[in-house]
Amino acid sequence: MSHIAYVNGRYLPQAQAFVHIEDRGYQFGDAVYEVTCIWNGRPVDHAGHLQRLRRSLSELRIAMPMSEAAFSAIIREVVRRNRVKKGTVYIQVGRGVSPRNHPFPVKHIRPSVVITAKHGAGPSEAVAQAGVKVAVQPDIRWGRVDIKTVGLLPNALAKQAAVEAKAFEALLVREDGTVTEASASNAWLVTKDKAIITHPATNKILSGITRATVMKLAKQAGYTVQERAFTLDEVYAAKEFFLTGTTTFVMPVVQVGDRPVANGSPGETALRLRQMYIDYVNGLGDEAWSSAVQSP
Ligand code: PDD
C-alpha cells in the first residue's frame, strides 16, 4: 500500500506528492511543524498539538491556513487512508511559495500545508525497560527553539552524533553547562530527595506536549515537580534521568556519555511515570479527536 499524503488541498500517493522549489519552507526553513502520536487509531493530545501549531505560526506571523476543525478532519482522513493504528502524523505549515527573497512576500500568498502519516509509534517496551544511553552534545541552536520550526539542522547533527556513539538520543548542553533538552525530546532528572526537575518552558527549549501531560500526571500522583535549569553535573549526581516526547513517551536514561546514571538501571520514578503515561494514552476515546483542550 502506498502512503497517502495531504498536500495543499489534495490527497496524493507520496510518490506523486511534491512541493514547489520556491517554497519558503524549503529555501529558508520558513515553516513550522507538529508530530502527533496516533495510538489505537486516535491522536494523543491532539488539542495541545494544534494549540502549539497555532502559537508557532503566530510567532512567525503566518496565518492559520484553516480552522482547527478542518485540520482535525484532514488529519483524521490521512490516518484513515493510511490505516494507521499506532504511528505518527506529521503536519507542516509554511509561509508558501514566492520568488526567493529574504523578507516576507508583499503580496498575500497561500500557506503550504503538508500532512503525512507513518506506521510505528515509539521505541519498543523492551528498550524502555532496559533504559537508554544518551550522548552529550553542545546546544548550538538559535534563540527561539520554543517555535517548532523545520530548521532542525543542529538537532539532526546532534542526533547523528548520538547514533554514531550508539546512543538513543543527544543531550544538548549550553556553554554555561546547563542542559536544555535532547535533540527531539525533553529532559528530566530526579534528585536524591525525589524532586522531579525539568528546564522551564522558555525560549531555550521546545515546550513538549508530552512534557505538559507528564507534568500533570506527576503532580496528580503527588510528586514535587520543579521547573528550573539544571547542569550536566547535576545529571551526573542525579538519582534518575529520563526523557519525554511524542516518539519517546517516557524513556529512562541509564547512561550519559560514558557515565552511568546512579546504579545504571532504569529509575522507579521514570518507569512509574511511563506506565502512567501509557495508561493515559490507552484510556483515550474518540473524544481525543476534539480540538478543545482537555486535561488528562
Ligand atoms: N520532536 N524537544 C524537541 C527539540 C523536540 O523536537 C521534541 C519533539 C520535543 C518533545 O515534544 P513533544 O512532547 O511535543 O513531542 C522536545 C518531534 C517528535 C520530532 O521532531 O519528530
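Atom set for the values below is all heavy atoms of this structure, side chains included, hydrogens, waters and symmetry mates excluded. Atoms within a ligand are numbered from 1 in the order they appear, just like the ligands themselves. Since this is a predicted model, take the numbers as computed values, not measurements.
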Carboxylate-amine/guanidinium proximity below 4.0 Å for D30 and R95: yes
Neighbour count >12 (heavy atoms, 6.0 Å) for atom CZ, R110: no
Heavy-atom check, side chain of F242 versus side chain of I196, under 4.5 Å: yes
Greater than 12 external heavy atoms within 6.0 Å of R228's CZ: yes
Mutual orientation of the aromatic rings belonging to H119 and H3 [parallel < 30°, tilted 30-60°, perpendicular > 60°]: tilted
Residues forming a salt bridge (charged side-chain N to carboxylate O under 4.0 Å, His left out) with R55, sequence neighbours excluded: D146
For ligand 1, list every N/O pair with the protein closer than 3.5 Å, one pair per line with the distance.
unit_1, atom_1, unit_2, atom_2, d
ligand 1, 1 (N), K148, NZ, 3.3
ligand 1, 2 (N), E181, OE1, 2.6
ligand 1, 13 (O), I209, N, 3.3
ligand 1, 13 (O), T210, N, 3.0
ligand 1, 13 (O), T210, OG1, 2.6
ligand 1, 14 (O), R52, NH1, 2.8
ligand 1, 14 (O), R52, NH2, 3.0
ligand 1, 14 (O), I209, N, 2.8
ligand 1, 15 (O), T246, N, 3.0
ligand 1, 15 (O), T246, OG1, 2.5
ligand 1, 20 (O), Y33, OH, 2.6

